[in-house]
Amino acid sequence: MENGKDTFYYTYSAKQQEEIQNIRKKYLAREEDKMELLRRLDRSATKKEL
């Protein structure tokens with residue numbers, strides 16, 4: 001290898017990549033994106049009072 005760097009690259013298939021992402025989502029903290037935040041705020045502002 002060049003400059004003493006040993007590097008290994010592997011590309012997963014689309015199906016494997018999807019499975020990897022699904023597994024990661026289970027263990028990572030879920031972050032609310034701006035659109036989700038806007039929808040949540042809109043729902044709370046337009047919620048009908050009983």
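- Listed by chain and residue number, Lys15, Gln16 satisfy the side-chain contact (heavy atoms from CB on, under 4.5 Å) test with Ser13 (two or more places apart in sequence, or in another chain).
- Asp42 and Thr46 make their closest contact through O-OG1, 2.8 Å (heavy atoms, listed as atom of the first residue, atom of the second, distance).
- Between the CD atom of Glu18 and the CG atom of Asn22 there is a distance of 5.5 Å, given to the nearest 0.5 Å.
- Residues meeting the salt bridge (Lys or Arg N to Asp or Glu O under 4.0 Å) test with Arg40, sequence neighbours left out: Glu32.
- Under the rule for a salt bridge (Lys or Arg N to Asp or Glu O under 4.0 Å), the partners of Glu36 that lie at least two apart in sequence or sit in another chain are Arg30.
- In this structure, CD in Gln21 is found 7.0 Å from NZ in Lys25, a value given to the nearest 0.5 Å.
- Judged as a side-chain contact (heavy atoms from CB on, under 4.5 Å), and not counting sequence neighbours, the contacts of Leu28 are Arg24.
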